Amino acid sequence: MDIKKIVNAFKKNNYQVSYFETAAAAADYLDHEINQTTVAFGDSQTLLSMGLYEKLSAHNMVYDPKHGEDFFKTARDGMQAEFFVTSVNGATEDGILVNLDGTGNRVAGSLYGHRKVYLVFGTNKIEPNLEKTIWRVRNVAAPKNALRKGLKTPCALNGADKCHDCSSPDRICNGLMIHYKKMRHEEMEVVIIDQPLGL
């Protein structure tokens with residue numbers, strides 16, 4: 001994997017790009033960049049593993065569905081935050097981002113309305129092309145997330161084996177968002193971490 005080439009691909013797609021060797025270094029960077037303001041998180045195991053909520057909530061108002069008393073209220077309130085931080089389910093070597101969402105708060109927050117969006121992910125999420133990235137998102141990330149959440153979807157009940165394209169009420173892959181390029185009129189920064197993070 002050629003990190004320099006991947007960083008340049010995201011820059012070509014109009015993103016700001018930061019690269020870090022460790023999650024701790026990335027967390028320190030975001031802690032410095034986001035200060036004395038409001039910030040919302042997407043529902044993300046990557047951010048959780050980085051300890052980002054604890055860092056940022058010491059000097060910001062943080063709306064994180066994983067830490068709020070009511071997931072949906074926290075997610076709605078966070079739509080008005082100045083900053084939005086989330087991960088992605090997959091990325092391509094040529095600078096495309098993919099997110100699969102069940103509720104919509106992560107996808108919605110990445111599209112419009114915040115002063116700046118940070119998209120944070122480990123190199124384990126990077127695949128050579130869009131076809132392989134979508135396959136990974138549907139057949140690796142989504143089933144593992146369903147299993148982790150204890151949902152009664154066919155993929156989880158079968159040990160996170162693959163996507164069954166189900167109609168379960170617990171289905172978490174309802175909306176697929178592909179960021180081919182940075183959204184217009186939105187400041188967006190890709191934060192790549194050279195460690196496996198999230199699913």
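By convention here, the first residue in the shown sequence is residue 1. Just so it is clear, the structure is predicted and the values come from calculations on it, not from any experiment.
- V7 and L119 fall within a single hydrophobic cluster, where Ile, Leu, Val, Met, Phe, Trp and Tyr are joined by side-chain heavy atoms under 4.5 Å apart, directly or via other members.
- Taking both residues in full, the closest heavy atoms of I126 and F121 are given as CG1-CE1, 3.9 Å, listed atom of the first, atom of the second, then distance.
- In terms of hydrophobic clustering, with Ile, Leu, Val, Met, Phe, Trp and Tyr side chains grouped at heavy-atom distances under 4.5 Å, I6 and Y19 are assigned to a common cluster.
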In residues 68-81, what donor-acceptor pairs under 3.5 Å come from side-chain atoms, sequence neighbours left out?
residue : atom : partner : partner atom : Å
D70     : OD1  : F72     : N            : 3.0
D70     : OD1  : K73     : N            : 2.9
K73     : NZ   : D77     : OD2          : 2.8
T74     : OG1  : D70     : O            : 2.9

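- In plain terms, the two heavy atoms of H67 and L48 that are nearest each other are CE1-CD1, 3.9 Å.
- Under the side-chain hydrogen bond (donor to acceptor under 3.5 Å, both in side chains) criterion, T22 pairs with no residue at all, not counting sequence neighbours.
- Atom OG in S18 sits 7.5 Å away from atom CD in E33 (nearest 0.5 Å).
- Every side-chain hydrogen bond (donor to acceptor under 3.5 Å, both in side chains) that K55 has, sequence neighbours left out, goes to D28.
- Considering only residues two or more places apart in sequence or on other chains, D31 meets the side-chain hydrogen bond (donor to acceptor under 3.5 Å, both in side chains) condition with H59.
- Residues T123 and I192 form a side-chain contact, since some pair of their non-hydrogen atoms from C-beta on lies under 4.5 Å apart.
- Shown here are the side-chain hydrogen bond (donor to acceptor under 3.5 Å, both in side chains) partners of D94, two or more places apart in sequence or in another chain: T92.
- Here the straight-line distance linking atom CD1 of I172 with atom CG of N174 works out to 9.0 Å at 0.5 Å rounding.
- Under the salt bridge (Lys or Arg N to Asp or Glu O under 4.0 Å) criterion, the residue pairs touching residues 110-120 are E82-R115, K116-E187, K116-E189, with sequence neighbours excluded.
- For D2, the side-chain contact (heavy atoms from CB on, under 4.5 Å) criterion is met by K4, K5, not counting sequence neighbours.
- In terms of heavy-atom proximity, G95 sits nearest to Y15 at O-CE1, 4.1 Å.
- A chain of hydrophobic side-chain contacts below 4.5 Å, direct or via other Ile, Leu, Val, Met, Phe, Trp or Tyr residues, connects V17 to M1.
- Judged purely by distance below 3.5 Å, without hydrogens or angles, the side chains of K181 and N14 never pair a donor atom with an acceptor atom.
- Residue V140 is found in a hydrophobic cluster whose other members, listed by chain and number, are W135; membership requires side-chain heavy atoms under 4.5 Å apart, directly or through intermediates.
- Nearest heavy atom pair, residue N60 against residue T37, reads OD1-N, 3.0 Å.
- Here the side chain of R171 pairs no donor or acceptor atom with the backbone of G102 at under 3.5 angstrom.
- Taking Ile, Leu, Val, Met, Phe, Trp and Tyr as hydrophobic and joining them when side-chain heavy atoms fall under 4.5 Å apart, one finds L47 in a cluster with F20, Y29, L30, I34, V39, F41, M50, L52, Y53, L56, V62, F83, V85, Y118, V120, V191, I193, L197.
- A heavy-atom distance below 4.5 Å is found between the side chains of L176 and V98.
- The salt bridge (Lys or Arg N to Asp or Glu O under 4.0 Å) pairs that include a residue from residues 123-133 number zero, where partners must be two or more places apart or lie in different chains.
- To the nearest 0.5 Å, atoms CG (L130) and CD (E93) are separated by 12.5 Å.
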* To do: For T133 and R136, run side-chain contact (heavy atoms from CB on, under 4.5 Å): C-alpha distance rounded to whole Å, both residues' side-chain angles, the deciding distance at 0.1 Å, then the answer.
  => CA-CA 5 Å; T133 301; R136 180 199 182 279; 5.7 Å; no
Acceptor/donor pairs from residues 149-160 side chains to any protein atom, 3.5 angstrom cut, sequence neighbours excluded:
residue : atom : partner : partner atom : Å
K149    : NZ   : D43     : OD2          : 3.2
T153    : OG1  : A156    : N            : 3.4
N158    : ND2  : P154    : O            : 2.7

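- When the shell of 6.0 Å around CD of E54 is examined, it contains more than 12 heavy atoms from other residues, nucleotides or ligands.
- There is a path of hydrophobic side-chain contacts, each under 4.5 Å, that joins L97 to M183.
- Hydrophobic clustering (side-chain heavy atoms under 4.5 Å, transitive across Ile, Leu, Val, Met, Phe, Trp, Tyr) groups I134 together with I96.
- Looking at heavy atoms from C-beta onward, M188 lies out of side-chain contact with H114 at the 4.5 angstrom threshold.
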Pairs under 3.5 angstrom only: tabulate donor-acceptor contacts from the side chains of residues 104-113 to other protein residues two or more places apart or in another chain.
residue : atom : partner : partner atom : Å
R106    : NH1  : N99     : OD1          : 2.8
R106    : NH2  : N89     : OD1          : 3.3
R106    : NH2  : L100    : O            : 2.5
S110    : OG   : V107    : O            : 2.8
S110    : OG   : H179    : NE2          : 3.2

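- In this structure, a donor-acceptor pair under 3.5 Å is present between the side chains of K66 and Q45.
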